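All remarks here apply to the structure that follows.
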There are 2 protein chains.
Amino acid sequence: MSSGGNTIYDIASAAGVSITTVSRVLRGEPNVAQRTRTKVENAIEQLQYQPNAAARGMAGGKTGTLGIVLPQLLNPHYAMIYTGAVSAAIESGQNLQLFSRHDILGKGASALPALMNPHLDGIVLYLEYPQREGLEQLEKTLNEIHRSMPFVLIGTVAPELPYPAISYNMAAIMKSTVSYLTGLGHRRIAFIGGAADSTNELRRDIGYQQGLREAGIIYRDDYRIPCSDTLEAGSSALRQLLDHLPRSEWPSAVIALNDLVATGLMASARTYGLRLPDDLSVIGCDNLFYAPYLTPSLTTIDLHQQQLGINAIRLLLSGDSRRENAAWHLIERNSCRPYF
Amino acid sequence: MSSGGNTIYDIASAAGVSITTVSRVLRGEPNVAQRTRTKVENAIEQLQYQPNAAARGMAGGKTGTLGIVLPQLLNPHYAMIYTGAVSAAIESGQNLQLFSRHDILGKGASALPALMNPHLDGIVLYLEYPQREGLEQLEKTLNEIHRSMPFVLIGTVAPELPYPAISYNMAAIMKSTVSYLTGLGHRRIAFIGGAADSTNELRRDIGYQQGLREAGIIYRDDYRIPCSDTLEAGSSALRQLLDHLPRSEWPSAVIALNDLVATGLMASARTYGLRLPDDLSVIGCDNLFYAPYLTPSLTTIDLHQQQLGINAIRLLLSGDSRRENAAWHLIERNSCRPYF
DNA sequence: ATCCAAATTGAAAGCGCTTTCAATTTGTCA
DNA sequence: TGACAAATTGAAAGCGCTTTCAATTTGGAT
């Protein structure tokens, strides 16, 4: 198998020392005489030696490999996070192993420990927390993982759980989004978002309602359409919204779960003869790469995903168990217009 | 470390057999008495045993892990391939480890063997073949990899190299794209594509010129703009194209390297007051998820990326060393219009 | 020159598995 | 019933590393 198959033994004999010593310099232990260290380093250089990660892991040492669990990659939102994470990992000489949730999480977070099988030095977890899984169950799972390796939670996070985390303050983001629209004069603001069985969406709803309340707007149930995470769902959600309302009560602005949904919804709006943004303001979330190129260009929330990925890895590596909020900001483009 | 830490020894004693026997049933060896097999299987079930992949790899057995090398993931083109690949891997009980090229290929394919360090059962390689790397160098690298694990090449492939592969016939695709446009009556057809230092782009150019020739159109150097793989590059490439041409010679159609470039280019076109598709037909490649939602919706080549990912894994697993072409088809939408 | 602590090195065990190879059991045919 | 091949099992080595723990060397201090 191993083609370049140089082992620690080869280095040892080349340098005329024991494998223990080689192992020492490999791991950067301090108590090695400078002369010896140099000899070994030369041998390593000469033979192009590369430590075998599997053997390392098995011997109980660091593997130099981190992991990241992400729901999927087709949504660029996650791909950005991944990309940030890899770059940070590389920067500190680590490998990053991706587990796209699809792999393993058919059964929810409880399936996670199974994938901890490969020995990782730590893992970044982007989980979703459906209510039904229950906090107790989740906590149990996380405790189990915690016993075998450090981790940090990102994205949506259960604030009740005392783990290192970088999370989106969805309530704040949502409230701010609503405020932006009310600031533009909108009063009929719909929200096309997720079903409220995940912590994430629950918080969004809270923020949505807070935002409305602050502007003295009464929450309407029929302005709140549940919707999954795709373009098509966005399209049909808007149809569902409009079809159940007399034209006079159609919203003047709609907040989409994310840019995917916003994209779908915009196409749908046109089929109703709605001009964008004149007849309907749309705001998304994620700031996907093509958002500026839609017609009209999409106003959205930039979630700084790459930076999130970077920060997650750094936090993981730091060993710190800090809990912080992820940065974000609203990007004004042309899909929202003042309403009079 | 190992939290659920059940080893083959635990199973062995639970089942009252030797670890050798456990190993046998684990690997599905035939010569185990049915009674024994059942006992062991029960023990495995009871103790929720999960074989340790690292140990396996080190002992020289199958690790149950495949790898895939992809240039990056921000372009959904690759994310789709990855997604297909994971699903096929899961389906056959394998893990899939992603190496996004960024990780390791700073120095070109020659850096590949280094990452073969983790013992993989096989790997899917999506490489790009810049001319300068040279076929000899590449071949050497591939041979080296070949010695340590089976692989299959996907995407663009050097046809001279006798390795299992699923490749895009870029020349055919490109020729067909040109024909589509000439069929619509276009005569001034520009091509905004990659620099011709990669095999991939070389073939596209060949197809482009073939397509033109077949329609009796003379190739113009100034209709051929080199461009990298991004929206922004697409934008500026179009500017470069138009700025160097008198309005009367502006192309009536433009073929973009891919949908990313097409997207950027369309935005740019509008700044020149060009109406799409009336004044300019645009055709992309990749059929990214948002292509139907652009204005106008983008005519493009669907590259069946998920299926490619699936097929690559299957081919890898089959051990077959077949070489085949990847499927594709043109999707007509609204960004191209007949030209009179 | 002598002695002891500190610094440096190495021997050996063990991580969890696969893989010969040998030992034992079983089954079959005479 | 005995003998021999086939089927089934197990002992032990080894994969490449880390990690005690003990042995050796070094360097001051006396």
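Here is how names work: the chains are called A, B, and so on, in the same order as the sequence lines, proteins then strands, and each is numbered from 1. The structure presented is a predicted model; accordingly, all values stated were derived computationally and were not measured. Values reported hereafter were calculated over all heavy atoms of this structure, with side chains retained and with hydrogens, waters and symmetry mates removed.
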Show the nearest heavy-atom pair for residues [X] and [Y], with the distance to one decimal.
{"X": "B:Leu96", "Y": "A:Gln97", "answer": "O-NE2, 4.2 Å"}
{"X": "A:Arg24", "Y": "A:Asn31", "answer": "CD-O, 4.3 Å"}
{"X": "B:Pro164", "Y": "B:Ser321", "answer": "CB-CA, 3.6 Å"}

Using a strict heavy-atom distance below 4.0 Å, which residues from residues 9-21 of chain B are in contact with DNA chain C?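 B:Tyr9, B:Ile19, B:Thr20 - these, ordered by number, are the residues of the stretch whose heavy atoms sit under 4.0 Å from the strand.
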Quick one: [X] [atom1] to [N] [atom2], roughly how many Å, whole number?
{"X": "B:Gln34", "N": "C:dT26", "atom1": "CD", "atom2": "P", "result": "16 Å"}
{"X": "B:Ile8", "N": "D:dA12", "atom1": "CD1", "atom2": "C1'", "result": "14 Å"}
{"X": "A:Arg24", "N": "C:dA11", "atom1": "CZ", "atom2": "P", "result": "11 Å"}
{"X": "B:Asn52", "N": "D:dC17", "atom1": "CG", "atom2": "P", "result": "16 Å"}
{"X": "A:Glu29", "N": "C:dG10", "atom1": "CD", "atom2": "P", "result": "14 Å"}
{"X": "B:Lys62", "N": "C:dT18", "atom1": "NZ", "atom2": "P", "result": "12 Å"}
{"X": "A:Arg56", "N": "D:dC15", "atom1": "CZ", "atom2": "P", "result": "18 Å"}
{"X": "B:Asn31", "N": "D:dA5", "atom1": "CG", "atom2": "P", "result": "19 Å"}

Closer than 4.0 Å, any side-chain N/O of A:Ser23 to the OP1 or OP2 of D:dT18?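 Answer is yes, contact under 4.0 Å.
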Counting only side-chain heavy atoms from C-beta out, which of [options] sits nearest to [X]?
{"X": "A:Ala55", "options": "C:dC17, C:dT19, D:dC17", "answer": "D:dC17"}
{"X": "B:Ala33", "options": "D:dC17, C:dG16, D:dT8", "answer": "D:dT8"}
{"X": "A:Thr36", "options": "C:dT9, D:dT18, C:dG16", "answer": "C:dT9"}

State, with a plain yes or no, whether a side-chain heavy atom of B:Val152 is found less than 4.5 Å away from one of B:Ile154.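 Yes, at least one pair of side-chain atoms sits under 4.5 Å.
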Do A:Tyr168 and A:Leu303 touch side chain to side chain, with heavy atoms closer than 4.5 Å?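 A side-chain contact under 4.5 Å exists here.
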Any chance the side chains of [X] and [Y] put a donor and an acceptor closer than 3.5 Å?
{"X": "A:Tyr82", "Y": "A:His77", "result": "no"}
{"X": "B:Gln34", "Y": "B:Thr38", "result": "yes"}
{"X": "A:Arg27", "Y": "A:Ser23", "result": "yes"}

Between N or O atoms, less than 3.5 Å apart, protein on one side and nucleotides 26-28 of chain D on the other: list the pairs.
none

Is the shortest distance from a Lys or Arg side-chain nitrogen in B:Arg37 or B:Glu29 to a carboxylate oxygen in the other one below 4.0 Å?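 Looking at B:Arg37 and B:Glu29, the cut-off is not met.
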Between B:Pro30 and A:Pro51, just flag the one whose closest nucleotide in DNA chain D comes earlier from the 5' side.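 Comparing both residues, the 5'-ward one is B:Pro30.
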